[in-house]
Protein chains: 2
Amino acid sequence: MATKSRIKTEARPTSTVEQYIKVIFSQQERAEGEIVGMKQLADAMAVTPGTATSMVKHLSARALVDYTPRKGVLLTATGRKLAVTMIRRHRLIETFLEQVLGYDWTEVHEDAEALEHAVSERFIERIDTYLEYPQTDPHGDPIPDSSGAIERRLSVPLDRCSEGDQVTVVRIGDEDPEFLILMKEHMLTPGEVFLVTEINPTAGTLSVCHIESKALFTLGLAAGARILVAPIH
Amino acid sequence: MATKSRIKTEARPTSTVEQYIKVIFSQQERAEGEIVGMKQLADAMAVTPGTATSMVKHLSARALVDYTPRKGVLLTATGRKLAVTMIRRHRLIETFLEQVLGYDWTEVHEDAEALEHAVSERFIERIDTYLEYPQTDPHGDPIPDSSGAIERRLSVPLDRCSEGDQVTVVRIGDEDPEFLILMKEHMLTPGEVFLVTEINPTAGTLSVCHIESKALFTLGLAAGARILVAPIH
DNA sequence: ACTAAGACTTTGACGCATCAAAACATATAA
DNA sequence: TTATATGTTTTGATGCGTCAAAGTCTTAGT
Ligand SMILES: [Mn+2]
Ligand SMILES: [Mn+2]
Ligand SMILES: [Mn+2]
Ligand SMILES: [Mn+2]
């Protein structure tokens, strides 16, 4: 055991590749498995469309995506595996930052975005153990287990509820700290229970009443789309 | 507060720059402030000398080092500040991995090497608080405080002790897991007390006796140089 | 069927970090 | 002093990830 191992260590994807794959996955999710166009991908990655095209060719050569020129891109089984690994890392890290290091709900995403590309498999398994295998991250998003299985939850976007529905908040979109701060102010956090008091397509608003505090809150339908809820019975 | 901040965020050095600065610092330490040559730097960075030269010019343009062509390189005050920041990050991360996540003494260095370039200032301050401001890392190396001050300790390399000296282990060089495993087997860890029973320059060995267990251990003088000890009274 | 608007791809360029190999400088030994 | 070894710099090249701008394709509207 005194000699340095000469075994060809499987090269880890660059953080750029990891990020593209993660973003393609979420775009694909968002659109029910629809093919992801270059403009859409470029926007989500904050790069120019030409950059997206050339990167996608690279991902295709690495067998992480199926690329149909002038159509778009879909993850292969391999790509999906990597995407789920990344999502697991991201969400475990977010949970760890909140639970252990006392980060605020609104701060975890930014740091997780960088750490997810730097942590080792060992680190991830250790924090998973430390946290006792959490099911969801601070925003209510499910954490895939180490085999890649993601819990399927029955939930609907808040803007697709009907007046009179009583719902439990399941998940709040996590990318925008401003949004998260506002939601927290009105107790729109995972686990809280609300009554949908009004849906107004004309005004583009919806209103909810926090059951516990009786507080009322009105928000735009687009904002409502970023909140997932589970109807109560 | 609804508009995105347009303040020019001070660009963080690339992880490559961070790593060069950290390595220049430790080479400079090792040689009592001697100027660091390109071959020495190239070897420590595992790059070719030409690469070191071009990088050093870049560091010099960034005012992180003073570069004298054909002589070598020394950190500027700015460079030293960055180096100490990196060392603080590295050692706090190592301590955190061991204390909180249950990493073994021998495993922490590798992960810290990657994480130190990815963590935020917020992360570092949080783990510092969580650990209650530790003074030393798992290998006995001092952790600079957030103002950059490093505790000065009086210690000497084990190979420069004399027969009959009684010493406390202060620090074990942390880069080589093999070495760390062996040292741990013989209880050569920070805090343990030993008697130097023999120094044999001819054979190139030295022997120590673990006071508590009476166990004897013989090692090479080069290995001894990687162990710092404090003579007892 | 024609056209205009978008989406998409290609091309040429750049910055960063690296290497290999050639050219050069310096120090020491003969 | 001259030769040789060693360290150093330069040059030309490469891969990655990116942009700007020019050109191409597709789609939907008239
Ligand atoms: Mn997130
Ligand atoms: Mn999240
Ligand atoms: Mn270390
Ligand atoms: Mn250490």
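The model shown is predicted, which means the values in this text are computed figures rather than measured ones. Numbers restart at 1 for each chain; the letters A, B, ... are given by sequence-line order, proteins then strands. Note: hydrogens, waters and symmetry copies are ignored here, and every other heavy atom, side chains too, is used.
Scanning residues 27-38 of chain B for heavy-atom distances under 4.0 Å to DNA chain C yields an empty list. Within residues 16-23 of chain A, the residues having any heavy atom under 4.0 Å from DNA chain D are, by residue number, A/Thr16, A/Tyr20. DNA chain C lies under 4.0 Å from at least one heavy atom of each of the following residues of residues 62-70 of chain A: A/Tyr67, A/Pro69, A/Arg70.
Partners of A/Glu113 under the salt bridge (Lys or Arg N to Asp or Glu O under 4.0 Å) rule, at least two apart in sequence or in another chain, are A/Lys22. The salt bridge (Lys or Arg N to Asp or Glu O under 4.0 Å) search around A/Arg80 returns none, not counting sequence neighbours. Taking the side-chain hydrogen bond (donor to acceptor under 3.5 Å, both in side chains) definition, one finds that B/Thr78 meets it with nothing, sequence neighbours left out. The salt bridge (Lys or Arg N to Asp or Glu O under 4.0 Å) check on B/Arg226 picks up nothing, with sequence neighbours excluded.
At least one side-chain heavy atom of B/Leu219 sits under 4.5 Å from a side-chain heavy atom of B/Ile227. A 4.5 Å side-chain heavy-atom check between A/Lys57 and A/Ser54 finds every atom pair outside the cut-off. Between B/Lys81 and B/Leu75 the shortest side-chain heavy-atom distance does not fall below 4.5 Å. Two residues are said to be in side-chain contact when any heavy atoms from C-beta on lie closer than 4.5 Å; B/Leu206 and B/Asp159 meet this criterion. Looking at heavy atoms from C-beta onward, B/Leu82 lies in side-chain contact with B/Pro13 at the 4.5 angstrom threshold. Counting only heavy atoms from C-beta outward, the side chains of B/Phe179 and B/Leu188 never approach each other to under 4.5 Å.
An end-to-end axis angle of 20° holds for the helix from C/dA1-D/dT30 to C/dA30-D/dT1, taken from five base pairs per end and rounded to 10°.
Nearest-nucleotide mapping onto DNA chain D: of A/Gly50 and B/Gln40, the residue sitting toward the 5' end is B/Gln40.
Side chains of B/Ser120 and A/Asp111: a donor on one and an acceptor on the other come within 3.5 Å.
With a heavy-atom cut-off of 4.0 Å to chain B, the contacted part of DNA chain D has its first and last nucleotide at D/dG7 to D/dT10. Between chain B and DNA chain C, the heavy-atom contact criterion of under 4.0 Å yields a 5' to 3' nucleotide range of C/dA17 to C/dA25.
With rounding to the nearest 0.5 Å, the separation of CE in A/Met38 from OG1 in A/Thr53 is 6.0 Å.
Contacts of A/Thr14 with the nucleic acid, taken as non-hydrogen atoms under 4.0 Å apart, involve only primed sugar atoms and P, OP1 or OP2.
Between the side chain of A/Trp105 and the backbone N or O of A/Leu180 there is no donor-acceptor pair closer than 3.5 Å. Using a distance-only test at 3.5 Å, with no hydrogens or angles considered, a donor-acceptor pair links the side chain of A/Thr76 to the main chain of A/Leu64.
The one candidate from A/Glu125, A/Glu18, A/Glu116 that meets the salt bridge (charged side-chain N to carboxylate O under 4.0 Å, His left out) condition with A/Arg89 is A/Glu18.
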In a table with atom names and distances, give each donor-acceptor pair under 3.5 Å that connects a side chain of residues 40-51 of chain B to protein atoms at least two apart or in another chain.
from    : atom 1 : to      : atom 2 : distance (Å)
B/Asp43 : OD1    : B/Lys39 : NZ     : 3.4
B/Asp43 : OD2    : B/Lys39 : NZ     : 2.9
B/Thr48 : OG1    : B/Thr51 : OG1    : 3.0

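The ring-ring contact (aromatic ring centres under 6.0 Å, His included) contacts involving residues 49-91 of chain A comprise A/His90-A/His109, where partners must be two or more places apart or lie in separate chains.
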